[in-house]
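I have placed the structure first, in the form of structure tokens, so that the comments after it can refer back to it.
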Amino acid sequence: MSETTKVNPIVNQSEQRELRYEPQRIEEKWQARWDADPTLYAAEPHSSKRKKYYVLEMLPYPSGALHMGHVRNYSIGDALARYMWMNDYNVLHPMGWDAFGLPAENAAIKNNVPPRQWTLSNIAHMKTQMKRLGFAYDWSREVTTCLPEYYKWNQWFFLKLYEKDLAYKKKSKVNWCRECATVLANEQVVDGCCWRHEDVQVEQRELEQWFVRTTNYSEELIAGLDKLENWPEKVRTMQRNWIGRSEGALVDFKVDGAINTSDKITVFTTRIDTIYGATSIQLAPEHPLVAELVGNDPHLHSKVEDLIREQARAKEEGNLGAIEKHGVFTGRYACNPFSDEKVPIWVANYVLMDYGTGAIMSVPAHDERDYEFAQKYGLEIRVVILPRRIGQPPAPGEPESPVLPYTEKDSLLINSGEFSQLSNMEAIEKMSAFAEKGGFGKKTITYRLKDWGISRQRYWGTPIPMLYCEKCGVVPVPEKDLPVLLPDHVDITLQGGSPLGRVPEFVNTTCPKCGGSARRETDTMDTFVDSSWYFYRYTNAKLADRALDTDTVNYWFPIDQYIGGVEHAILHLIYSRFWTKFMRDLGIVKNDEPATRLFTQGMVIKDGAKMSKSKGNVVSPDDMVAQFGADSTRMYSLFATSPDRELEWQEAGVEGVHRFLSRAYRFVMRHANAAQNGAGAASAERSPKARQIERKLHQTLKRVTQDFQGRWHFNTSVAAVMEFVNHLYAAEDEIAAGKFPPALLADVQRSIALMLSPFAPYLASELWEVLGEKGNLLRHPWPAFDPALAKEDETTYVIQINGKLRSHVVLPAESPEDLVRERALADEKIRTAMEGKEVVKVIVVAGKLVNVVVR
RNA sequence: GCGAAAGUGGCGGAAUUGGCAGACGCACCAGACUUAGGAUCUGGCGCCGCAAGGCGUGGGGGUUCGAGUCCCCCCUUUCGCACCA
């Protein structure tokens, strides 16, 4: 570098001290002001003339303290909310607490604190943390799901579900977690283990439970995914897999020699076109017909018992797909209605009772599982599909049979009676129609989705508002008697069913129908009920006589942007979608889906692993805030990487952001007066450096604005502002010498405050005030960039020879191509490099480069 | 096994449409100012090389004047699904 080291003309020690950025002081001052005026962040009434924007972050469980995942989630949402506010939207940005749940009971057992007290004090603490972080929530709409004013409406919704036959009670095999001492929904079982206890295998128990008929909406839930274009593809795929739609047909096989002539086995198949290749029937071990078919043969009986045990064990281990296939022949036969052929009936451990009909036709030649099974037991393998189109002759030397199992669908039927020579797709249509006409089958659609089991044998949840009367049976609690209050002072243990069952004052009641004695339902609701509709309640959180006000909801909904972790891709997000459809059909909302856009942020990790107490790699937000301030903590969570990616927490990075904010702060503090005092002299001439800063300012505004409108890569937004501040420092001697037009200097400083405000609201507010500006930044318009001012008037062309960088040439912007070519070829380095070579071609890319192709 | 995403310096990451690889930040090195520095400011910082220059975006091929970016094959990591008939 030829330039000599510059001495900073401004900084001396005493000034250093004076200009020191002290986030604690600034942040405390502003937090006190914001607290004193809670209307600052309040959304306007729905009659507002502004366009609405509903930005929502998933509400936290009040576990005791915020973790970095929360900070990241809320920093993204808050930046967006603030940006939208500045763009003149009426923004709804609420927060609440998913406050029911088992940890409160565990804490009660461990520390002898009532769940309510534990939960409410956690909420108080976490709310303090959120305020300290400066998130702009409308606290007037706070929702706490464990309070009667909220869970009353859970109960009301339950009554509506019951009324519409969407809630029912049945005895069935359910998932049981012994650590939680309660039943779990299918969605809460991950790899055979409890979602809260990764190493606790879920057991199967036969219990009577309340279910919600989510399956009534299977088709709409899956079809609706196609329209959710602004949901991550990953989430949509996961939901599609979970719902598991599958088109096929039911076909009845008559049991040969049945005592009862109506005895038949109905199979579900997606490949009715292969039915002539069916060489056995396979039943799930728990199929109701098995007992009858096996009769009282003790040998067969014990074999079937073994199969049931194998399945149960595999299910608990979560590796259903991995177990070795076993089966047993019942000695009985069934009749294929298409061919009138008799096929043996087997019982097999790879057939599941809870999917389809629990019975399949086994086509070894065209199904991998059936093939494996048939090979093991020596069952016939009959080819009925050829990998060939209709009319296409076999290729010379093509073997008669394809490589088995052959499972492709675009091919030709053989050995299939009158259906031979049809293509698969055609055969599926014709054969389904044939079965339907013959009364032994029909087309159908099967789903993997099961109804949602919502009963929990736990205390800290919403009581299910049902009664059991000796005379009248199951009786819903009348609406007027809601809420069914959760009693206090309950002895909590993890044994022997719901703790509520041991509270006589709660259990014993009178029947609203007959006035006789009745018992209350003692199970409580899955907490996912609470979170399935909480975001509707925010629109009118204090409404006393209804769950929600339809007009208000219709104004705010659907949610414009929902932000949360991908771990809820199935659980919370599928229940919420179901609940929205249910509410729509009740006529109280009109949207089909809760949220038009969904964003799933990446995990926060440390030292390459998810933060967890057991690994000892937890970074506390409190520590970060104490050390570097809320602004630096938030801004680092956005700067370290783009919001969708995994974030590796590095404390040195937070320090770096803090250092940058200090630089920005010092710059404004040093020049605020100069800008204010000379504010009138707008027409002052711009030096080249000043013009360069002005251009850079508009380029920066453009970059930050485009990041908000496009990809949300706030890491590059922050980088852009950093670059800008670096440029200002480079121009500092001119600025200090008063060579910058004051109006430009003022504009630069205001813009810094405005651009920083979505990311570092405390510092931005402080700078805003220092600059003599009044009013909350949220109500100040987002700064527009001027494309003309952002435009460079010179372009640096890259000159390549055969694609290799060799030189540069600076030309006025929009130079004609001829001139660019001429100047490139005249460049000294290029001329030297071209010596003795033949120029084949010269490629000029406007505004970018010149590539000279030589030979 | 199936599906998706990713792989770039010592580290976190930039590089919308193919066009200067490594912006910005961290760490590190040097200098300035200092009684002092874990403050601040200035400069340097992919690898090899004294240099000229060469090599470089997981590996191998290809398309192109030009490839981190597009195509084919392979490897690794992460996530999701996995007897769903």
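A note on names: the letters A, B, ... follow the listed sequences, proteins ahead of strands, and every chain is numbered from 1.
Set against B:C81, B:A23, B:C20, the side chain of A:E723 has B:A23 as its closest nucleotide. Picking from B:A85, B:G80, B:G25 the nucleotide with the shortest atom distance to the side chain of A:F268 gives B:A85. For A:L352, the listed nucleotide lying nearest its side chain is B:A85; candidates were B:A82, B:A85, B:C65. Taking every side-chain heavy atom of A:N726 into account, B:C24 is the closest of B:A82, B:C24, B:A15. The side chain of A:S642 approaches B:A14 more closely than any other nucleotide in the set B:U42, B:A14, B:C24. Set against B:A39, B:A85, B:G54, the side chain of A:R806 has B:G54 as its closest nucleotide. Of all nucleotides listed (B:C41, B:A85, B:C24), B:C24 comes nearest to the side chain of A:M722. The side chain of A:T270 sits closest to B:A85 out of B:A85, B:C81, B:U40. Checked against B:U42, B:G13, B:C81, the side chain of A:Y729 finds its nearest nucleotide in B:U42. Comparing B:A85, B:G25, B:A14 against the side chain of A:F639 picks out B:G25 as the nearest.
For A:Y447, the side-chain hydrogen bond (donor to acceptor under 3.5 Å, both in side chains) test picks out A:E219, with sequence neighbours left out. For the salt bridge (charged side-chain N to carboxylate O under 4.0 Å, His left out) test, residues two or more places apart in sequence or in another chain that qualify with A:E723 are A:K696, A:R703. A search for side-chain contact (heavy atoms from CB on, under 4.5 Å) contacts involving A:L825 returns A:R821, A:M834, A:V842, A:V852, not counting sequence neighbours. With sequence neighbours excluded, the residues satisfying side-chain contact (heavy atoms from CB on, under 4.5 Å) with A:L811 are A:Y797, A:V809, A:S815, A:V820, A:R823. With sequence neighbours left out, A:H658 forms a side-chain contact (heavy atoms from CB on, under 4.5 Å) with A:Y21, A:P23, A:F628, A:S632, A:S662. In this view, A:R25 and A:E22, A:Y665 satisfy the side-chain hydrogen bond (donor to acceptor under 3.5 Å, both in side chains) rule, not counting sequence neighbours. A:A374 pairs by the side-chain contact (heavy atoms from CB on, under 4.5 Å) definition with A:P364, A:L379, A:I381, not counting sequence neighbours. With sequence neighbours excluded, the residues satisfying salt bridge (charged side-chain N to carboxylate O under 4.0 Å, His left out) with A:E324 are A:K376.
To the nearest whole angstrom, the two P atoms, one in B:A21 and one in B:A27, are 28 Å apart. Comparing the same atom, C1', in B:C55 and in B:A5 gives a spacing of 30 Å after rounding to whole Å. Between B:C28 and B:C45, the two C1' atoms lie 8 Å apart (nearest whole Å). For the P atoms, the distance from B:A52 to B:C72 is 41 Å, rounded to whole Å.
The nearest whole Å value for the distance from the NZ atom in A:K325 to the P atom in B:C83 is 9 Å. Note: OH (A:Y355) to C1' (B:A82) measures 14 Å, nearest angstrom. Following rounding to the nearest Å, A:D827 (CG) and B:C20 (P) show an atom-to-atom distance of 18 Å. Per the geometry, CZ belonging to A:R663 stands 12 Å off C1' belonging to B:C24, to the nearest Å.
Within 6.0 Å of CG on A:D191 lie no more than 12 heavy atoms contributed by other residues, nucleotides or ligands. Atom CD of A:E233 has more than 12 heavy atoms from other residues, nucleotides or ligands within 6.0 Å.
Look at A:K804 and you won't find any side-chain N or O under 4.0 angstrom from OP1 or OP2 of B:G56.
Aromatic ring centres of A:F440 and A:F253: separated by at least 6.0 Å.
The residue A:Q706 sits close to a base: some heavy atom pair falls under 4.0 Å. Contact annotation for A:D370: no contact, since no heavy-atom pair falls under 4.0 Å across all strands. Within the 4.0 angstrom heavy-atom criterion, only backbone atoms of the sugar-phosphate kind lie near A:E646; the bases stay farther away. Within 4.0 Å of A:V351, counting heavy atoms only, lies at least one base atom of the nucleic acid.
Within residues 846-855 of chain A, the residues that place at least one heavy atom under 4.0 Å from RNA chain B are, in residue-number order, A:K848, A:L849, A:N851, A:V853.
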Just the atom pairs and distances: protein N or O near nucleotides 1-11 of chain B's N or O, under 3.5 Å.
unit_1, atom_1, unit_2, atom_2, d
B:C11, O2', A:Q650, NE2, 3.0

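Sequence neighbours left out, not one pair with a member in residues 635-648 of chain A passes salt bridge (Lys or Arg N to Asp or Glu O under 4.0 Å).
A distance of 5.0 Å separates CD1 in A:I275 from CG in A:N336, rounded to the nearest 0.5 Å.
For RNA chain B, each stem of at least three Watson-Crick or G-U pairs (distances under 3.5 Å) is given as range with range: B:1-7 with B:75-81, B:10-12 with B:24-26, B:28-32 with B:40-44, B:46-48 with B:53-55, B:58-62 with B:70-74.
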